Number of protein chains: 2
Amino acid sequence: MAYTVGQVARAARVTVRTLHHYDEIGLLRPSGRTPAGYRRYDDADLDRLQLVRYYRELGFPLDEIAQILDDPDADPPAHLRRQHELLSGRIGKLQEMVTAIEHAMEARKLGIQLTPEERFEVFGDYDPDEHAEEVERRWGETEAYRQSQERTGRYSKEDWLRNKAQNEDWGRRFAALMDSGAPAEGPEAMALAEEHRQLINHWWYDCPYEMHTGLADMYVADPRFTAYYDTIRPGMAAYLNVAIHANAITRA
Amino acid sequence: MAYTVGQVARAARVTVRTLHHYDEIGLLRPSGRTPAGYRRYDDADLDRLQLVRYYRELGFPLDEIAQILDDPDADPPAHLRRQHELLSGRIGKLQEMVTAIEHAMEARKLGIQLTPEERFEVFGDYDPDEHAEEVERRWGETEAYRQSQERTGRYSKEDWLRNKAQNEDWGRRFAALMDSGAPAEGPEAMALAEEHRQLINHWWYDCPYEMHTGLADMYVADPRFTAYYDTIRPGMAAYLNVAIHANAITRA
DNA sequence: CTTGACCCTCACGCCGCGTGAGGCGGGAGC
DNA sequence: GCTCCCGCCTCACGCGGCGTGAGGGTCAAG
């Protein structure tokens, strides 16, 4: 049976223009033409079109699709298997994104937040008056925010200096550990991860291990925090993430 | 804290060119510039970038993303909810594709196939010698193919004519039913769906209800078969799909 | 001062179609 | 046979979202 370009377009839910284009580039040529020049597509053409559309849906460029389809070793079962595999992978990736978003929603609900100096410099770029309103708008409803407000409200100038000094010292030692080539799951790295957690506990808010690992995931998922740590030392966010997870597992 | 365009690009896994482009079109302008003209991005910029990338991943055009982000009513929790919803929908769609592929793999394994005349005209375009090799290559390993070969091998010329006549008669009556405006889940439609199943049973191979519904799904998922039925009457593939499913449920 | 990495603007180009122009083909109705 | 309307043809400009490279300035370390 043979079909016009319009019939094929409707059946396959593509445009006529798309089919013209595929013909032009040799990806899907109609098997025939009428004396008037009308394209005639047969069943094998429709077979091929379906494969093209599936690979397109998966994001393959057309020239690559042509290569795949013209591979003499690829038969129908092979295409089905490959597409199944690619789709499953894509779903897995999107599922990770969903998980990250659910995690962010959960974190917001439970009050997980980063320490203010992970967002703002305590001194230097940090201007409490400038940012207080934004911080309040974003985090004001959370338990962790309430805790850190209550806690930091009592800090003296010396407290802040000490806070900053301890944080920077921790950062220097952590970078040095990375430079030494020690593994992220090693005992030294885990010790520094534990120290990181205790600094949060001490200066900001209660931070149990589940919360600490939640923070660790944010460090790699969120460009802002990736950028913050990677400015101290390239690759730090990822390394710290591993160390925090390893630490939490060990102490569970 | 402020970052250069390179730092941001690395942290967010995008290119510098992309960030230039976003600056150009006003989607994401750096909050500052050095006296030398270098872009300086701050934390709020990185926040916005993350949202931009998420919506891009979901296929939104940039101008639409700008509108969404500049909506005064949209706060962080609202963005998270929307993205969660969109991602879930997208996963659902991909999951359907996986299901369709698994179905096709399963169908192939169990030997579900379309009747030859749904692929080839018995007379007219049909040339057994021309297609036999392709049919054998594609379906030769299946139980249904074996059955139909065994069964049709015994047909006389009169059998083929009768086969064709019954099929065409069925098609005319089905099209007429559609023209009448009767619902696809109505008794008349279901009766014709049952007749369709019995024609397959009689002329080609055993076709239980589970197999019949599997065929019905292929009629709408595969452009070749959509085209075949829709040539008889526009919209027939979808209508028949519903009728077959309704019929199978009723008779279960 | 030199060097190398990173930054700047400018600009051509690509992929995969969307859209429309101008004109021919085909079938149904009169 | 003629007309009309829908569908087909080729041609071609254009778009979105960057990729790539040219030519030149900036910055920090040695």
Side-chain angles (χ1 to χ4, degrees), chain A residues 2-42 45 48-49 51-69 179 227 230-235, chain B residues 2-42 45 49 51-69 179 227 230-234:
Chain A
Y3 307 100
T4 63
V5 70
Q7 286 172 314
V8 174
R10 274 188 300 273
R13 300 183 196 96
V14 298
T15 64
V16 168
R17 179 73 184 94
T18 301
L19 294 170
H20 284 183
H21 183 61
Y22 291 168
D23 184 5
E24 251 167 64
I25 65 173
L27 176 60
L28 174 62
R29 293 199 187 282
S31 54
R33 292 270 185 151
T34 66
Y38 284 24
R39 294 170 171 83
R40 303 300 287 181
Y41 293 90
D42 68 12
D45 295 332
R48 187 174 169 96
L49 176 58
L51 287 174
V52 170
R53 296 312 300 169
Y54 259 68
Y55 282 113
R56 271 304 290 133
E57 182 70 34
L58 288 166
F60 282 78
L62 298 183
D63 58 351
E64 205 173 321
I65 293 172
Q67 285 175 33
I68 291 171
L69 294 190
D179 288 339
D230 285 2
T231 301
I232 299 175
R233 205 264 190 201
Chain B
Y3 307 101
T4 62
V5 72
Q7 286 172 317
V8 175
R10 274 190 298 276
R13 301 185 194 94
V14 297
T15 64
V16 168
R17 179 74 184 92
T18 303
L19 294 171
H20 285 182
H21 182 63
Y22 292 168
D23 184 5
E24 248 168 66
I25 65 173
L27 176 61
L28 174 63
R29 292 201 188 282
S31 54
R33 292 271 187 152
T34 66
Y38 284 23
R39 292 170 175 83
R40 304 299 288 180
Y41 294 89
D42 68 11
D45 295 332
L49 175 59
L51 288 175
V52 171
R53 296 313 300 169
Y54 259 67
Y55 283 111
R56 274 300 294 133
E57 183 69 34
L58 288 165
F60 283 78
L62 298 183
D63 59 351
E64 205 174 320
I65 292 172
Q67 285 175 33
I68 292 170
L69 294 191
D179 288 339
D230 285 2
T231 300
I232 300 175
R233 205 261 190 205

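Each chain gets a letter, A, B and so on, in the order its sequence line appears, and its residues count up from 1. Fair warning: this is a prediction, and the values are worked out from it, not measured in the lab.
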Per nearest nucleotide of DNA chain C, the residue lying toward the 5' end, A:Arg17 or A:Thr34, is A:Arg17
Need to verify one output field. Residue with the more 5' nearest nucleotide on DNA chain C, A:Thr15 or A:Ala36?
A:Thr15
Rounded distance in Å - [atom1] ([X]) to [atom2] ([N]):
{"X": "B:Glu57", "N": "D:dG17", "atom1": "CD", "atom2": "P", "value": "15 Å"}
{"X": "A:Ile25", "N": "C:dC14", "atom1": "CD1", "atom2": "C1'", "value": "13 Å"}
{"X": "B:Tyr41", "N": "C:dC7", "atom1": "OH", "atom2": "C1'", "value": "12 Å"}
{"X": "B:His21", "N": "D:dT20", "atom1": "NE2", "atom2": "P", "value": "15 Å"}
{"X": "B:Leu19", "N": "C:dC6", "atom1": "CG", "atom2": "P", "value": "15 Å"}
{"X": "B:Asp23", "N": "C:dC10", "atom1": "CG", "atom2": "C1'", "value": "15 Å"}
{"X": "A:Arg29", "N": "D:dC9", "atom1": "CZ", "atom2": "P", "value": "14 Å"}
{"X": "B:Tyr3", "N": "C:dC6", "atom1": "OH", "atom2": "C1'", "value": "18 Å"}

Of the nucleotides C:dG18, D:dG17, C:dG26, which has the atom closest to the B:Pro61 side chain?
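Closest nucleotide among those given: D:dG17.
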Report yes if at least one side-chain N or O of [X] is closer than 4.0 Å to OP1 or OP2 of [N]; otherwise report no.
{"X": "B:Tyr22", "N": "D:dG17", "value": "no"}
{"X": "B:Arg39", "N": "C:dT9", "value": "yes"}
{"X": "A:His20", "N": "D:dC9", "value": "yes"}
{"X": "B:Thr4", "N": "C:dC7", "value": "yes"}

Whether the side chain of B:Glu64 engages the backbone of B:Pro61 through a donor-acceptor N/O pair (distance < 3.5 Å, no angle test) should be reported.
no
Would you check if the side chain of B:Arg29 reaches a backbone N or O of B:Asp23 as a donor-acceptor pair within less than 3.5 Å?
yes
Which part of the nucleic acid, if any, lies within contact of [X], taking any heavy atom under 4.0 Å across all strands shown: a base, the sugar-phosphate backbone alone, or nothing?
{"X": "B:Leu62", "result": "sugar-phosphate"}
{"X": "A:Arg33", "result": "sugar-phosphate"}
{"X": "B:Val5", "result": "sugar-phosphate"}

Electrostatic pair A:Asp45-A:Arg39, nearest N-O below 4.0 angstrom
no
Can you name the nearest heavy-atom pair linking B:Leu49 to B:Ala12, along with the distance?
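Heavy atoms only, the tightest pair is CD2-CB, 3.5 Å.
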Quick one: closest heavy-atom pair of B:Arg53 and B:Val14, and the distance?
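What the structure gives for the nearest pair is NE-CG1, 3.4 Å.
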Would you kindly compare B:Arg53 and B:Tyr38 by the position of their nearest DNA chain D nucleotide and give the one closer to the 5′ end?
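Result: B:Arg53.
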